[in-house]
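Down below is the structure, laid out as structure tokens.
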Amino acid sequence: MTAQIIDGKAFAGKLRDKIGRVAAEFESEAGRKAGLAVVLVGSDAASEVYVRAKGRATVAANMASFQHRLPADIAQADLLALLERLNGDPAVDGILVQLPLPGELDEQAIIAAISPDKDVDGFHVTNAGRLAVGQEGFVPCTPLGCMMMLTDRMGDLSGKSAVVVGRSNIVGKPMAQLLLDANATVTIAHSRTKDLADVVRGADIVVAAVGRPEMIRGDWIKPGATIIDVGINRLPPENGAEKGRLVGDVAFAEAAEHAAAITPVPGGVGPMTIAVLLRNTLVAAYRNEGLTLPENAL
Ligand code: GUN
């Protein structure tokens with residue numbers, strides 16, 4: 001079997017177009033644009049790239065982008081004061097503090113200071129709790145994007161056996177919750193799991209989010225499984241190249257011989273994350289204005 005490639009870039013592009021159209025409708029109804037505030041502390045090169053990309057995507061989707069760049073040595077109290085101001089700003093529907101934070105800043109306290117109703121990253125404990133008990137809230141962007149691609153590809157996931165490899169708060173745990181809500185039978189595997197290959201061999205759905213390059217091998221894959229690879233790892237440079245290749249947590253070429261469908265790296269899950277961030281911001285905007293999002297709009 002040779003797997004179909006799940007084109008995350010194309011999928012995300014369609015979602016972003018749809019968001020742009022609904023955001024224009026929101027603007028005409030509300031008399032203002034939906035707004036996303038992104039806070040970047042310090043000058044981490046990768047974070048700079050992500051934040052710029054988020055700003056561009058926000059504007060391209062007919063929303064307002066507010067970027068706050070702060071020095072790496074900012075006092076915790078000053079950052080908390082900015083978040084307090086953004087929480088109270090009616091032009092701001094979503095707030096995202098780019099992680100990781102530099103220095104001594106207390107990440108948990110900073111996430112906790114974002115209003116749960118503007119927490120479009122879905123990282124606040126209130127939103128984690130809402131997801132756990134099945135209440136409406138914000139779901140972290142990467143797992144929600146994975147779920148959209150899975151249901152688009154497979155339809156009903158009821159009774160499917162799903163293995164999530166990785167147990168982070170940002171991807172693994174919320175991914176497992178979403179699969180469970182969709183009536184899949186879910187296993188969360190991690191670095192201490194015994195016989196991981198055998199656990200993965202039982203899965204109709206594999207979501208890999210461990211951050212280890214090409215750890216999941218082709219002969220671990222059940223024939224006909226669907227594979228979502230969240231990992232983005234850069235290998236050491238070869239043959240005098242300046243940069244190494246980007247690979248996922250799954251050995252792509254091997255796995256593609258067994259799977260029915262698989263996301264590539266790059267071009268799979270990655271592009272979905274920003275698209276879902278825009279989606280969450282627009283959902284926040286409708287809620288904040290007390291307006292009803294058109295049925296099945298997003
Ligand atoms: N750093 C890397 N990815 C993310 C993300 O999705 N949200 C935030 N806030 N920081 C990140």
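All values below come from the heavy atoms of this structure, side chains included, with hydrogens, waters and symmetry mates left out. We count ligands from 1, going down the list as the structure has it; atoms in each ligand are counted the same way.
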Seminar exercise, completed: Here the atoms of ligand 1 under 4.0 Å from any heavy atom belonging to Phe123 are 7 (N), 8 (C), 9 (N)
For this session: Apply the side chain to side chain contact (heavy atoms under 4.5 Å, CB included) test between Asn127 and each candidate in Val120, Val139, Asp119; give the one that qualifies.
Result: Asp119
Exercise. Short question: side chain of Lys54, backbone of Leu277 - any donor-acceptor pair under 3.5 Å?
Worked result: no
Exercise. To the nearest 0.1 Å, how far is atom 2 (C) of ligand 1 from its closest protein heavy atom, and which atom is that?
Worked result: Gln98 NE2, 3.8 Å
Exercise. Nearest to atom 1 (N) of ligand 1 by heavy atom, Leu101, Leu99, Val38: which?
Worked result: Leu99
Problem set entry | Test item: Asp156 side-chain N/O and Asn183 main-chain N/O as donor-acceptor pair under 3.5 Å | no
Exercise. Does the side chain to side chain contact (heavy atoms under 4.5 Å, CB included) test come out yes or no for Val265 and Val250, once each step is laid out?
Worked result: CA-CA 9 Å; Val265 176; Val250 179; over 6 Å; no
Exercise. Ignoring hydrogens and geometry, is there a side-chain-to-backbone donor-acceptor pair from Asp249 to Asp229 under 3.5 Å?
Worked result: no
Exercise. Can a non-hydrogen atom of Tyr50 be found less than 4.0 Å from any atom of ligand 1?
Worked result: no
Exercise. For ligand 1, which atoms, with element, lie under 4.0 Å from some heavy atom of Leu96?
Worked result: 9 (N)
For this session: Begin from the C-alpha positions of Leu278 and Arg16 and carry the test side chain to side chain contact (heavy atoms under 4.5 Å, CB included) through to its verdict.
Result: CA-CA 8 Å; Leu278 302 176; Arg16 278 166 60 165; 4.0 Å; yes
Exercise. Which heavy atom of the protein is the closest neighbour of atom 8 (C) of ligand 1, given with residue, atom name and distance?
Worked result: Asp121 OD2, 3.4 Å
Exercise. Between Val97 and ligand 1, which part of the residue brings a heavy atom under 4.0 Å of the ligand: side chain, backbone, both or neither?
Worked result: backbone
